[in-house]
Amino acid sequence: MKKHNFSAGPCILPQSVLKKASKAVLNFEDLDLSLVEISHRSKPFVHVMERARALALEHLGLENKGYQALFLQGGASLEFLMVAYNLLEHRAAYLNTGTWSTKAIKEAKLFGEVIEVASSKDQNFNYIPKNYNVPSDVDYFHCTSNNTIFGTQLNQFPETDSPLVCDMSSDIFSRQLDFSKFDLIYAGAQKNMGPAGTTLVVVKESILGKVSRAIPSMLDYKVHIVKDSMFNTPSVFAVYVSMLTLEWLKEQGGIQAIEKINNEKASLVYNEIDRNPLFKGFVANKEDRSKMNATFTLSEANLIERFDAMWKDAGINGLNGHRSVGGYRASMYNALSLDSVQVLVDVMQELERKA
Ligand SMILES: *Cc1c(COP(=O)(O)O)cnc(C)c1O
């Protein structure tokens, strides 16, 4: 039986998507050829790319609003520097809420001045800073909407006249937001969309072309836009699986419908963390808790071995916390079912009964 996969990333994908993808690897659309052995310029693949780009914009409600969706390579980590390469002329403002924000800031500093408007580093990133000011004369403001490692999530984004840039790698397509407030969104596929190897970038075209530096072609968003996200060979398999996942999401009723289930999953696990005396949540304020990644620890270290054996026996995978936080992390991306979360909660309750 398939495991209950709580892995943080790469992570669970819908089973129906994996079935379709494996079929396409052997024989894509009855061409008697594999998806991965046809030209990326062939009609069937161009259609895949166009459909994936269109579905991404459709889910975010950004069609016909001056946005372009691109499927690039290099992971979200390459976007840390591509964003700065394309947008940073003088200075940019960054909110530091964790490991990924810190890495984005490090890259941006290679291109200009970085103003860290606030940071939660003083408490090992267990909260989301609030009441900070974004200076008005910055080239853009950058934030990370969901902090995959620490289990915090932004619920409010600042009102600013500067372009709003957001790393949504681990919560894109999981909840409704007014996405038109954002000027550039990026997300590595492997958290909520597909296999590793492609990164979705959704960018408002009007913010581009404003820096004076020369930009190498592969790092230039405009080049990728002009070439319809096919400037060079895209990662065809990752784009195809992402397209299938976006189609699956549409069948589920889109972000609106999946958000309801995501809320139920998050309530289920957090209620148990709060109720069960053997567990303690990592995040300081309840309103900052991530609905995608729930971080928690055991209150007594001598229970670790027993708990670990119990959840593994129950068919759970990937529950260990990131090394910088320790404890446990239940990642509950779109494809994880409410039933899987119930299995985890049952194990937590069983531990309480036996301890
Ligand atoms: C995983 C992750 C990244 C890094 O993604 P790569 O594709 O491995 O470069 C960046 N930001 C966030 C929020 C992440 O969760």
Arg353 and Glu350: CA distance, side-chain angles, deciding distance, salt bridge (Lys or Arg N to Asp or Glu O under 4.0 Å) verdict: CA-CA 5 Å; Arg353 278 195 300 276; Glu350 196 189 331; 5.1 Å; no

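- Among all heavy-atom pairs drawn from Cys166 and Phe157, the shortest one is SG-CE2, 4.1 Å.
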Candidate pair Tyr328 and Phe279, rule ring pair (Phe, Tyr, Trp, His ring centres under 6.0 Å), full reasoning: CA-CA 10 Å; Tyr328 301 95; Phe279 293 95; 7.3 Å; no

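- Look at Glu259 and Lys291 and you find no salt bridge, because none of the NZ, NE, NH1 or NH2 atoms lies under 4.0 Å from a carboxylate O.
- Each of Asn147, Asn146, Thr102 was compared with Thr97 under the side-chain hydrogen bond (donor to acceptor under 3.5 Å, both in side chains) criterion, and only Asn147 meets it.
- Every residue was checked against the side-chain hydrogen bond (donor to acceptor under 3.5 Å, both in side chains) condition with Lys191, not counting sequence neighbours, and none meets it.
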Could you pull out all donor-acceptor pairs under 3.5 Å where a side-chain atom in residues 203-219 meets a protein atom, sequence neighbours excluded?
{"from": "Glu205", "atom 1": "OE1", "to": "Gln68", "atom 2": "NE2", "distance (Å)": "3.1"}
{"from": "Lys210", "atom 1": "NZ", "to": "Ser206", "atom 2": "O", "distance (Å)": "3.3"}
{"from": "Ser212", "atom 1": "OG", "to": "Glu89", "atom 2": "OE1", "distance (Å)": "3.4"}
{"from": "Ser212", "atom 1": "OG", "to": "Glu89", "atom 2": "OE2", "distance (Å)": "2.7"}
{"from": "Arg213", "atom 1": "NH1", "to": "Ala84", "atom 2": "O", "distance (Å)": "3.3"}
{"from": "Arg213", "atom 1": "NH1", "to": "Tyr85", "atom 2": "O", "distance (Å)": "2.8"}
{"from": "Arg213", "atom 1": "NH1", "to": "Leu88", "atom 2": "O", "distance (Å)": "2.9"}
{"from": "Arg213", "atom 1": "NH2", "to": "Leu88", "atom 2": "O", "distance (Å)": "2.7"}
{"from": "Arg213", "atom 1": "NH2", "to": "Phe111", "atom 2": "O", "distance (Å)": "3.2"}

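- Remark: the backbone N or O of Gln153 is not paired with any side-chain donor or acceptor of Asp171 at under 3.5 angstrom.
- Applying the salt bridge (Lys or Arg N to Asp or Glu O under 4.0 Å) rule to Glu352 yields the partners Arg275; only residues at least two apart in sequence or on another chain are considered.
- Using a 4.5 Å heavy-atom threshold, the side chains of Ile185 and Ile172 count as touching.
- For the side-chain hydrogen bond (donor to acceptor under 3.5 Å, both in side chains) criterion with Asn155, the lone passing option out of Lys130, Glu287, Arg175, Arg289 is Arg175.
- Looking at every heavy atom in both residues, His142 comes nearest to Thr144 through CE1-OG1, 4.2 Å.
- Checked against side chain to side chain contact (heavy atoms under 4.5 Å, CB included), Val325 has the following partners two or more places apart in sequence or in another chain: Ile149, Phe150, Phe282.
- In terms of heavy-atom proximity, Leu31 sits nearest to Pro44 at CD1-CG, 4.0 Å.
- Residues passing the side-chain hydrogen bond (donor to acceptor under 3.5 Å, both in side chains) test with Arg329, sequence neighbours excluded: none.
- Inspection of the Asn5 and Tyr333 side chains reveals no N or O donor paired with an N or O acceptor under 3.5 Å.
- Taking Asp178 as the reference, Ser180 meet the side-chain hydrogen bond (donor to acceptor under 3.5 Å, both in side chains) condition, with sequence neighbours excluded.
- Among residues two or more places apart in sequence or in another chain, the side-chain hydrogen bond (donor to acceptor under 3.5 Å, both in side chains) test is passed with Tyr270 by none.
- Annotation for Lys312: atom NZ counts as buried by contact number, over 12 foreign heavy atoms lying within 6.0 Å.
- Listed for the Asn317 side chain is no donor-acceptor partner under 3.5 Å among the backbone atoms of Lys3.
- Sorted by first and then second residue, the side-chain hydrogen bond (donor to acceptor under 3.5 Å, both in side chains) pairs with a member in residues 31-49 read Asn27-Asp32; sequence neighbours excluded.
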Would you be so kind as to tabulate the donor-acceptor pairs closer than 3.5 Å made by side chains of residues 298-307, with sequence neighbours excluded?
{"from": "Ser299", "atom 1": "OG", "to": "Pro277", "atom 2": "O", "distance (Å)": "3.2"}
{"from": "Ser299", "atom 1": "OG", "to": "Leu278", "atom 2": "O", "distance (Å)": "3.1"}
{"from": "Arg306", "atom 1": "NH1", "to": "Lys354", "atom 2": "O", "distance (Å)": "3.0"}

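- Within the structure, every pair that satisfies the side-chain hydrogen bond (donor to acceptor under 3.5 Å, both in side chains) test and touches residues 218-232, not counting sequence neighbours, is listed here: Glu79-Tyr221.
- Residue pairs meeting the side-chain hydrogen bond (donor to acceptor under 3.5 Å, both in side chains) criterion with at least one partner in residues 55-65, sequence neighbours excluded, are Glu58-Lys250.
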Name each donor-acceptor pair under 3.5 Å that joins a side chain in residues 6-17 to protein atoms two or more places apart or in another chain, with its distance.
{"from": "Ser7", "atom 1": "OG", "to": "Pro10", "atom 2": "O", "distance (Å)": "2.9"}
{"from": "Gln15", "atom 1": "OE1", "to": "Lys2", "atom 2": "NZ", "distance (Å)": "3.4"}

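- Side-chain contact annotation: Ser174 with Asn334, donor-acceptor N/O pair under 3.5 Å absent.
- Residues Leu78 and Leu72 are not in side-chain contact: their nearest non-hydrogen atoms beyond the backbone lie 4.5 Å or more apart.
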Steps toward ring pair (Phe, Tyr, Trp, His ring centres under 6.0 Å) verdict (Tyr67, Phe179): CA-CA 11 Å; Tyr67 289 83; Phe179 294 100; 9.8 Å; no

